[in-house]
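Counting starts at 1 for both ligands and their atoms, following the listed order.
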Amino acid sequence: MTGVITGATLVAGVVGAPVRHSLSPLIHNAWIAAAGLDAVYVPFSPPAGGFARFVDGLRGGAIRGLNVTLPFKGDALDAADKPNARASIAGAANLLLFEADGSVRADNTDGEGLLAAFKEQAPGFDPGRAPVVILGAGGAARGAAAAFVAAGAPEVRLVNRTLGKAEAVAAGVGGAAQAFSLTSVRDAFNGAGAVINATSVGLDDDAILDLPLEVLPSGAVAMDMVYAPLVTGFLAAARLRGLATVDGLAMLVGQARPSFAALFGQPPPEHVDVRGLALAALGNQ
Ligand code: ATR
């Protein structure tokens, strides 16, 4: 926002529950200010069970669009009339765009953000070179699997405590996806080029996954989608093992960039240190 909200101010935002810790308003408003746009990006938190009604109330262009975070990414896909291919394959949407004719488009920029995070923090990593391991089989894991299949991974190995869920995700994303139970994680790690933690372990508690990191090739990259803390137990253990690491904040900024471009019709300004802003905010939480 340029400081004054006018009748012409474009409104966009993020919807989640809870949404108060979302860093997206900080990131997008910093870009909006730097680009000099007459726009504002605000948080929304509809009541449980009220997501579809919330979206219906915005149809017709009351706002330009919304990023979507937990727990609504699946609901967002269901609420949209026009999901694009990558949202449909991921089974989730993190971006809804409201058209003037009342229709709602859905996109998913999380996979693009994940690959951008690897490019930024592990530039030597080539997704097409070796199998990629994804820990978990929820929506985040499915999106990651779809992104790596699309990026040409020779094999995507989904490792999950509940094998059936990993099998369902593997079948859904197609490509060379294989399911492993957590008890077979050693087999999944064998020869892997990257391991991505897409489980919710440690999100709400201090639980850690006990992983045989010594099995991984020394050139493997470890990535955690969690960004608070920035260095999770998994990433700390990977660094001790000598592996390159990629953090969840790089993915958050990586998905925000194409989201901003879709919402405001221009790429975000390059010169804004949104990662620094986000880190400062995380330190203050
Ligand atoms: P999202 O949709 O955000 O990815 P989710 O659907 O709640 O989240 O998925 C959480 C993932 O973390 C699941 O893969 C879950 O494993 P199960 O499918 O077996 O439930 C995994 N997970 C959560 N707690 C775990 C734990 N303590 N150990 C191992 N895996 C765990």
Side-chain angles (χ1 to χ4, degrees), residues 14-19 21-24 45 48-49 51 67-79 83 86-96 106-114 117 132-149 156-173 177-189 194-213 222-229 232-235 237-238 246-249 251-252 254-255:
V14 56
V15 54
V19 79
H21 298 298
S22 171
L23 293 171
S24 294
S45 198
F51 187 80
N67 280 121
V68 183
T69 186
L70 300 180
F72 296 127
K73 292 185 183 187
D75 294 331
L77 184 71
D78 294 341
R86 61 185 183 176
S88 298
I89 294 168
N94 77 328
L95 180 62
L96 293 177
D107 191 1
N108 193 319
T109 65
D110 282 335
E112 192 178 338
L114 177 59
V132 172
V133 177
I134 295 168
L135 307 172
R142 186 179 165 129
F148 277 102
V149 167
V156 172
R157 299 173 176 170
L158 288 142
V159 179
N160 199 44
R161 181 175 57 180
T162 312
L163 179 61
K165 282 209 241 169
E167 286 171 341
V169 173
V173 296
Q178 281 202 49
F180 293 76
S181 75
L182 200 48
T183 49
S184 312
V185 67
R186 299 185 83 86
D187 298 335
F189 277 4
V195 178
I196 293 140
N197 179 26
T199 70
S200 51
V201 175
L203 255 187
D204 300 320
D205 51 35
D206 290 335
I208 48 163
L209 283 170
D210 186 19
L211 298 167
L213 296 180
M223 192 275 168
D224 202 320
M225 291 196 183
V226 171
Y227 57 80
T232 61
F234 170 57
L235 292 188
V246 175
D247 63 52
L249 188 54
M251 177 174 170
L252 183 78
Q255 64 76 36

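Inter-residue side-chain proximity for Met223 and Leu114 is flagged as met; some heavy-atom pair is nearer than 4.5 Å.
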Intermediate values then yes/no, side-chain contact (heavy atoms from CB on, under 4.5 Å), Phe234 and Leu211: CA-CA 8 Å; Phe234 170 57; Leu211 298 167; 3.7 Å; yes
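Remark: the backbone N or O of Asn67 is not paired with any side-chain donor or acceptor of Asn94 at under 3.5 angstrom.
Partners of Glu167 according to the side chain to side chain donor-acceptor pair (under 3.5 Å) rule, which considers only residues two or more places apart in sequence or in another chain, do not exist here. Residues passing the salt bridge (Lys or Arg N to Asp or Glu O under 4.0 Å) test with Arg186 are Glu214, sequence neighbours excluded. Residues passing the salt bridge (Lys or Arg N to Asp or Glu O under 4.0 Å) test with Asp75, sequence neighbours excluded: none.
A heavy-atom cutoff of 4.0 Å around ligand 1 is satisfied by the protein residues Leu70, Gly136, Ala137, Gly138, Gly139, Ala140, Asn160, Arg161, Thr162, Lys165, Leu182, Thr199, Ser200, Val201, Leu209.
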